[in-house]
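Remarks on the structure that follows.
The figures that follow rest on heavy atoms only: side chains count, while hydrogens, waters and symmetry mates do not.
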Amino acid sequence: MLTINFHPFQNLETERLLLRRLNIDDINEVLLLRGNPEVMKYVPRPLIKTNEEALAHIALIEDKIENNIGINWAITLKGNPKMIGIMGHYKIQPENYRSEIGYMILPEYNGKGIVTEAVKIVVQYGFEQLQLHSIEAVIDPENIASDKVLQKNGFVKEAHILENDFYDGKFLDTVIYSLLKRNFKK
């Protein structure tokens, strides 16, 4: 079984991006992300509506890092500390050497390749630092943009599960993508 340790916290860098630790200064951006119906369209979770809920979300992320059960980064453009998205390994299964990644970005940054670039470095961290064997992403089948991001990063579709998630009075389908370490290309 894997031993997970996020200490010291590691920032990640790409050509254009710095992925850093979230902090309370990110409250407004967390509220903009998690409170935006368009951003949350494919995420079956309640909208965050208050500063207190945004702070609680930041605290939840921090608690997972402190307890080595999950890690998320604030996505920023190099030279600008403003958070434009969140990405991380949400569900880590040390016994299976597997994690689930998730991500979201402010709408004005869609279509610029930022998520694709960030996924690549977060996946690299998962395989090289965490020593994972596989990484999965669970998405809404209607989320075409996420589908494209995952395929660009070498993920393959493993399953389309019908009506397996009940949220807001409806049964929702999910699609699972995965990437094995041996198939990862930097």
Inter-residue atom distance [X].[atom1] - [Y].[atom2], 0.5 Å rounding:
X: L132; Y: N96; atom1: CG; atom2: CG; result: 11.0 Å
X: H133; Y: S99; atom1: NE2; atom2: OG; result: 12.5 Å
X: L17; Y: K78; atom1: CG; atom2: NZ; result: 8.0 Å
X: R16; Y: T76; atom1: CZ; atom2: OG1; result: 12.0 Å
X: R21; Y: N11; atom1: CZ; atom2: CG; result: 9.5 Å
X: F155; Y: L180; atom1: CZ; atom2: CG; result: 10.0 Å

Please examine the side chains of [Y] and [X], heavy atoms only from C-beta on, and report whether any two atoms are closer than 4.5 Å.
X: K82; Y: L106; value: yes
X: L179; Y: F184; value: yes
X: Y177; Y: I139; value: yes
X: L172; Y: D140; value: no

[X] with [Y], same ILVMFWY side-chain cluster at under 4.5 Å:
X: M87; Y: F127; answer: yes
X: Y109; Y: M40; answer: yes
X: V122; Y: L18; answer: no
X: I101; Y: Y42; answer: no

Let me know which of V39, V115, I105 forms a side chain to side chain contact (heavy atoms under 4.5 Å, CB included) with N110.
-> I105
Report the residue from K64, K91, H89 that forms a side chain to side chain contact (heavy atoms under 4.5 Å, CB included) with I69.
-> K64
Any idea which heavy atoms bring I65 and I71 closest together, and the distance?
->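 Nearest heavy atoms, I65 then I71: CG1-CA, 3.9 Å.
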What pair of heavy atoms forms the shortest contact from P81 to R20, and how long is it?
->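 For P81 and R20, the tightest heavy-atom pair comes out as O-NH2, 2.7 Å.
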Hydrophobic cluster partners of I161 (side-chain heavy atoms under 4.5 Å) |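 Hydrophobic cluster check, I161: joined to V138, I176.
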Between N68 and H7, is a side-chain contact (heavy atoms from CB on, under 4.5 Å) present by the stated rule, with each step listed?
-> CA-CA 8 Å; N68 296 308; H7 310 288; 3.4 Å; yes
Indicate whether the side chain of [X] and that of [Y] have a donor and an acceptor atom separated by less than 3.5 Å.
X: K181; Y: Q131; value: yes
X: D147; Y: N143; value: no
X: T174; Y: D165; value: no

Is a side-chain N or O of D173 found less than 3.5 angstrom from the main chain of E163, in a donor-acceptor match?
-> yes
Give the intermediate values and the outcome of salt bridge (charged side-chain N to carboxylate O under 4.0 Å, His left out) for residues R45 and E53.
-> CA-CA 13 Å; R45 304 279 182 279; E53 290 173 339; over 6 Å; no
Of all residues at least two apart in sequence or in a different chain, which pass the ring-ring contact (aromatic ring centres under 6.0 Å, His included) check with F6?
-> none
With sequence neighbours excluded, residues passing ring-ring contact (aromatic ring centres under 6.0 Å, His included) with Y125 | W73
